[in-house]
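Below is one structure; the comments refer to it alone.
Reminder, nothing fancy here: chain letters follow the sequence lines and each chain counts from 1.
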Amino acid sequence: MPELPEVETIKRSLEPLVKNRTITGVDVYYGGIIKYPGPADFCGQLKGKIIREVGRRGKYLLFELSDDYTLVIHLRMTGQLIASKPGVSLAKHTHLVFRLSGGQELRFVDIRKFGLIYLIKKEERARIKGLYTLGPEPLDEGFTLALFEETVGKAKGGLKAFLLNQTRVAGIGNIYADEILFESGLHPVRKVESLKKEEIKRLYEAIRKKLGEGVEFRGTSFRDYVDGKGEKGGFQERLKVYDRGNQPCARCGQPLVKTAAASRGTVFCPRCQG
DNA sequence: AATTGTACCTGTCAGC
DNA sequence: TGCTGACAGGTACAAT
């Protein structure tokens with residue numbers, strides 16, 4: 001489900017509903033989601049903690065808690081984190097319920113059970129490899145063209161795989177990767193090391209533009225994605241290539257081609273993305 | 001070090 | 001109406 005724009009939208013929608021509330025208890029219906037520590041310690045340590053801040057890094061949600069603890073949640077493909085009122089019947093595939101002070105609950109729902117949840121002390125962040133190896137945040141001010149040129153200089157292989165690699169740039173997934181490549185007019189299996197300076201700039205600008213639009217339109221509800229209030233996003237109506245195989249290209253009218261690149265379904269325009 | 005393949009799960013859809 | 005297989009927003013880990 002969620003790539004950077006979706007996770008950012010969840011973060012923003014949840015923040016006012018959970019910030020400064022105390023976790024009064026945790027109900028576990030499927031403990032396999034909890035990767036660290038064990039379920040008993042997880043629940044025991046969370047009880048009584050206050051949610052100080054809600055943050056995001058790449059596709060990870062970070063709940064900064066009292067006593068320097070961080071609750072780290074990755075939604076992977078089908079994970080949802082939804083604020084609910086107590087007593088409302090549990091949606092199917094609800095695996096975890098965080099009970100909060102002031103009559104609020106935060107529920108973790110995940111059809112495929114791929115989600116990952118950790119409770120760590122701040123200084124234990126290295127325990128989560130996918131988190132500490134993340135590349136730069138593409139929408140931050142620090143993500144400059146010069147920094148991106150440096151990143152590109154270190155990489156090799158196909159562009160689609162490059163964009164999906166979280167250690168290069170954080171937060172891009174399959175939907176936005178295809179949209180970014182279409183926007184920049186670059187072929188998904190074009191070699192990173194073959195890019196000219198001007199093409200690197202186009203790619204950089206497309207990354208900022210497409211992820212920015214994704215956030216602006218509150219994410220892509222292609223399938224399961226909803227924000228922290230259970231509301232759908234709007235960017236699915238603005239997709240130009242993702243899930244549009246065989247449909248005419250918005251730019252030139254030629255049929256878009258669906259193929260596989262980096263072992264992922266990939267749609268592109270063979271004419272515009274030569 | 002950096003790729004590639006496989007595993008983790010359930011649901012949906014196309015084709016028979 | 002089943003049934004089967006392919007595919008789905010993403011990593012983590014092992015093997016190369």
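- When atom types are taken as modelled, the side chain of A:E53 and the backbone of A:I51 share no donor-acceptor pair closer than 3.5 angstrom.
- The only option from A:R208, A:R56, A:K59 that meets the salt bridge (Lys or Arg N to Asp or Glu O under 4.0 Å) definition with A:E137 turns out to be A:R56.
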Identify the pairs formed between an N or O of the protein and an N or O of nucleotides 12-16 of chain C at a distance under 3.5 Å, and give each distance.
residue : atom : partner : partner atom : Å
C:dA12  : OP1  : A:Y60   : OH           : 3.3

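- The distance between atom CG of A:L134 and atom C1' of C:dT11, rounded to the nearest whole Å, is 11 Å.
- Note on A:R190 versus A:E199: salt bridge recorded, some NZ/NE/NH1/NH2 to OD/OE distance being below 4.0 Å.
- Rounded to whole angstrom, the span from the CZ atom of A:R112 across to the C1' atom of B:dA7 amounts to 11 Å.
- Here A:E105 pairs with A:R107 in a salt bridge; the nearest charged N to carboxylate O distance falls below 4.0 Å.
- If you check every strand for non-hydrogen atoms under 4.0 Å, A:K92 touches sugar and phosphate atoms only.
- Rounded to an integer number of Å, the gap from A:Y30 OH to B:dC8 P is 11 Å.
- Classified by interplanar angle (parallel below 30°, tilted 30° to 60°, perpendicular above 60°), the ring pair A:H74/A:Y60 is perpendicular.
- A:Y176 comes within 4.0 angstrom of nothing in the nucleic acid, heavy atoms only.
- Summarising the base pairing, B:dC9 is matched to no nucleotide, lacking a Watson-Crick or G-U wobble pair whose two defining distances lie under 3.5 Å.
- Proximity note for A:Y242 (side chain, C-beta onward) versus B:dG11, C:dA8, C:dG10: the nearest is C:dA8.
- Salt-bridge check for A:K121 with A:E124: failed, with every basic side-chain N at 4.0 Å or more from each acidic carboxylate O.
- The nearest whole Å value for the distance from the CD atom in A:Q236 to the C1' atom in C:dA8 is 16 Å.
- Salt-bridge annotation for A:R76 and A:D110: absent, with no side-chain N of the basic residue lying under 4.0 Å from a carboxylate O of the acidic one.
- If you measure from atom CG of A:L4 to atom C1' of C:dT11, you get 16 Å, rounded to the nearest angstrom.
- Contact check, A:K258 against C:dA6: no side-chain N or O comes under 4.0 Å of OP1 or OP2.
- In this structure, A:L164 atom CG and B:dG5 atom P are separated by 15 Å, rounded to whole Å.
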Check nucleotides 1-4 of chain B against the protein and report each pair of N or O atoms closer than 3.5 Å, with its distance, or say if there are none.
residue : atom : partner : partner atom : Å
B:dT3   : OP1  : A:K156  : O            : 3.1

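- Annotation: cation-pi pair A:K122/A:Y69 absent, no NZ/CZ under 6.0 Å from the ring centroid and within 45° of its normal.
- Using a cutoff of 4.0 Å between basic side-chain nitrogens and carboxylate oxygens, A:E213 and A:R238 are not scored as salt-bridged.
- Rounded to the nearest Å, the gap between the P atom of B:dC9 and that of C:dC13 is 14 Å.
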